[in-house]
Q: 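Pasting in a structure now, in structure tokens, and then I'll have a few things to ask.
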Amino acid sequence: MMEIITAEQLMEYLGDYMLDAKPKEISEIQRLNYEQNMSDAMAILHKLQTGLDVNVKFTGVRVFEYTPECIVFDLLDIPLYHGWLVDPQIDDIVKAVGNCSYNQLVEKIISCKQSDNSELVSEGFVAEQFLNNTATQLTYHGLCELTSTVQEGELCVFFRNNHFSTMTKYKGLLYLLVTDQGFLTEEKVVWESLHNVDGDGNFCDSEFHLRPPSDPETVYRGQQDQIDQDYLMALSLQQEQQSQEINWEQIPEGISDLELAKKLQEEEDRRASQYYQEQEQAAAAAASTSASPQAPQSQPAQASPSSGRQSSTSERKRKEPREKDKEKEKEKNSCVIL
């Protein structure tokens, strides 16, 4: 029997847990600090349904720029990882990227492009090429660091391409929890291995035994489509951002580099949200078509989540239109526990 929990229930559970986890024997200063963190966390808790703003740094798998959103992970005592690292053996990239976060690196690239110093222009070009060449937000050096840093049996969160995935380590290998709705009927598929940057993982059951999907022509292909969409989305956003950077005539005079970088980041977030909304609408249209008696049953179409939302696809079984509409409305704000 499959248990379904709504997003509202999940937010309520998390809020109750943070309140119950409040330390008992702490000093007055620690208590005030904890209460402030709790207040900040509660203020952004609703963003878990749409996405959290986290800003990676390229120097370590647990290094993020501190934002209010990170407080949620701290209060829940959940380790947060990423794998978007610079290879320390590539000196020119190490120099170009430095200790910058993603947002800071975008600002630096903009500044370098405006510079009359050829060395700075070259450094900006190297940094820009790094972002382009690692648009999937996972490098082999990052994957190696993840494998050595994550503890055996540890449950943690892995951030990549605006997705938050549950990750664990079993017998030295990393696994991501399979949550895509395309696997809803695949009861034996629970984990997917993370052993390369291309996303070509192996599916396993709850005991980490290999368990290929029973319908690879639909489920597995849908998973590959998800990976392609993630890569193309990241690449598209970077290309659009670069094209906007070149059109300097539309930039107001006197705007600082930081303000410009923030505006570009806001535009990127807006375009990402619009993209995923279009993908969800397309998936809904495909589901409606597959429910028609005259139309052949289509393969599940997948839509990437924005800023950590779980992806959702149309179900592969045919259903009557009225019943399917009701279920879609019910599952719109729900997540599935396998």
Q: Do Leu75 and Leu32 land in one hydrophobic cluster if side-chain heavy atoms of ILVMFWY residues count as linked below 4.5 Å?
A: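 Looking at the clustering, Leu32 is in a separate group from Leu75.
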
Q: Closer than 3.5 angstrom, by distance alone: can the side chain of Asn55 be matched with the main-chain N or O of Asn103 as a donor-acceptor pair?
A: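 Looks like yes, one N/O pair under 3.5 Å.
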
Q: To the nearest 0.5 Å, what is the distance between CG on Leu143 and CG on Leu85?
A: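 It is 10.0 Å, given to the nearest 0.5 Å.
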
Q: Measure the spacing between NE2 of His141 and CD1 of Ile90 and express it to the nearest 0.5 Å.
A: 9.5 Å

Q: Verify the ring-centre separation between Phe58 and Trp84: is it less than 6.0 angstrom?
A: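 Ring-ring flag for Trp84/Phe58: true, centres closer than 6.0 Å.
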
Q: In this structure, is the centre-to-centre distance between the rings of Phe158 and Tyr81 below 6.0 Å?
A: no

Q: Is there a donor in the side chain of Asp40 and an acceptor in the side chain of Gln36, or the other way round, less than 3.5 Å apart?
A: yes

Q: Does the distance from a Lys or Arg side-chain N to an Asp or Glu carboxylate O, for Lys108 and Glu123, drop under 4.0 Å?
A: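 Salt bridge between Lys108 and Glu123, a charged N being under 4.0 Å from a carboxylate O: yes.
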
Q: Applying salt bridge (charged side-chain N to carboxylate O under 4.0 Å, His left out) as the test, list every pair that has at least one member in residues 140-154; sequence neighbours left out.
A: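 Not a single pair qualifies under salt bridge (charged side-chain N to carboxylate O under 4.0 Å, His left out).
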
Q: Please tell me whether Val189 and Met167 are part of a single hydrophobic cluster in this structure, the criterion being side-chain heavy atoms less than 4.5 Å apart.
A: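 Result: no, two separate clusters.
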
Q: Would one find more than 12 heavy atoms of other residues, nucleotides or ligands at under 6.0 Å from atom CG of Asp77?
A: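 Not buried by this count: 12 neighbours or fewer within 6.0 Å.
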
Q: Does the distance from a Lys or Arg side-chain N to an Asp or Glu carboxylate O, for Lys47 and Glu69, drop under 4.0 Å?
A: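 Salt bridge between Lys47 and Glu69, a charged N being under 4.0 Å from a carboxylate O: yes.
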
Q: Looking at Ser122 and Ser118, would you say the former's side chain and the latter's main chain have a donor-acceptor pair under 3.5 Å?
A: no

Q: Does any non-hydrogen side-chain atom of Ile110 lie less than 4.5 Å from one of Val106?
A: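 SC-SC contact between Val106 and Ile110 confirmed.
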
Q: Between the side chain of Lys169 and the main-chain N/O of Thr147, is any donor-acceptor distance below 3.5 Å?
A: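 At least one qualifying donor-acceptor pair exists.
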
Q: Remaining members of Leu210's ILVMFWY cluster at a side-chain heavy-atom cut-off under 4.5 Å?
A: none

Q: Sequence neighbours left out, what pairs pass ring pair (Phe, Tyr, Trp, His ring centres under 6.0 Å) with at least one residue falling in residues 8-42?
A: none

Q: Between CG of Leu173 and SG of Cys204, what distance do you get to the nearest 0.5 Å?
A: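 It comes to 9.0 Å.
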
Q: To the nearest 0.5 angstrom, please state how far the OG1 atom of Thr136 sits from the CG atom of Asp198.
A: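 Reported to 0.5 Å precision, the distance equals 7.5 Å.
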
Q: Answer with yes or no whether the side chains of His195 and Ser193 bring together a donor and an acceptor at under 3.5 Å.
A: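 Short answer, yes.
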
Q: Run the numbers on Asp74 and Asn37 for side-chain contact (heavy atoms from CB on, under 4.5 Å), then give the verdict.
A: CA-CA 9 Å; Asp74 293 340; Asn37 289 339; over 6 Å; no

Q: Is there a side-chain contact between Asp87 and Ile93, using heavy atoms and a 4.5 Å cut-off?
A: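 Side-chain contact under 4.5 Å: no.
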
Q: Quick one: side chain to side chain donor-acceptor pair (under 3.5 Å) partners of Gln30, sequence neighbours excluded?
A: Ser27

Q: For atom CD of Glu119, is the number of surrounding heavy atoms from other residues, nucleotides or ligands below 6.0 Å larger than 12?
A: no

Q: State, with a plain yes or no, whether a side-chain heavy atom of Trp191 is found less than 4.5 Å away from one of Leu177.
A: yes

Q: With clusters built from Ile, Leu, Val, Met, Phe, Trp and Tyr whose side-chain heavy atoms come within less than 4.5 Å, directly or transitively, what are the remaining members of the cluster of Ile26, listed by chain and number?
A: none

Q: Are the side chain of Gln151 and the backbone of Thr149 linked by a donor-acceptor contact shorter than 3.5 Å?
A: yes

Q: Would you sort out whether Met18 and Met42 count as a side-chain contact (heavy atoms from CB on, under 4.5 Å), showing the intermediate values?
A: CA-CA 9 Å; Met18 286 191 292; Met42 290 297 183; 4.1 Å; yes

Q: Donor-acceptor pair, Asn133 side chain versus Gln129 backbone, under 3.5 Å?
A: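 Checking the backbone N and O of Gln129 against the side chain of Asn133, a donor-acceptor pair under 3.5 Å is found.
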
Q: Rounded to the nearest 0.5 Å, how far does CG of Leu52 lie from OG1 of Thr67?
A: 8.0 Å

Q: So does Phe125 have more than 12 non-hydrogen atoms from other groups sitting under 6.0 Å from CZ?
A: no

Q: Within this structure, what is the CG-CG distance for the pair Leu131 and Leu105, rounded to the nearest 0.5 Å?
A: 5.0 Å

Q: Do Thr134 side-chain atoms and Phe130 backbone N/O form a donor-acceptor pair below 3.5 Å?
A: yes

Q: So, using ring-ring contact (aromatic ring centres under 6.0 Å, His included) as the criterion, who are the partners of Tyr170 when residues are at least two apart?
A: Phe208

Q: Check whether any side-chain N or O of Ser148 sits under 3.5 Å from a backbone N or O of Cys144 as a donor-acceptor pair, and report yes or no.
A: yes

Q: Should Leu10 and Ile78 be counted in the same cluster of Ile, Leu, Val, Met, Phe, Trp and Tyr side chains packed under 4.5 Å apart?
A: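 They do share one cluster, since a chain of ILVMFWY contacts under 4.5 Å joins Leu10 to Ile78.
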
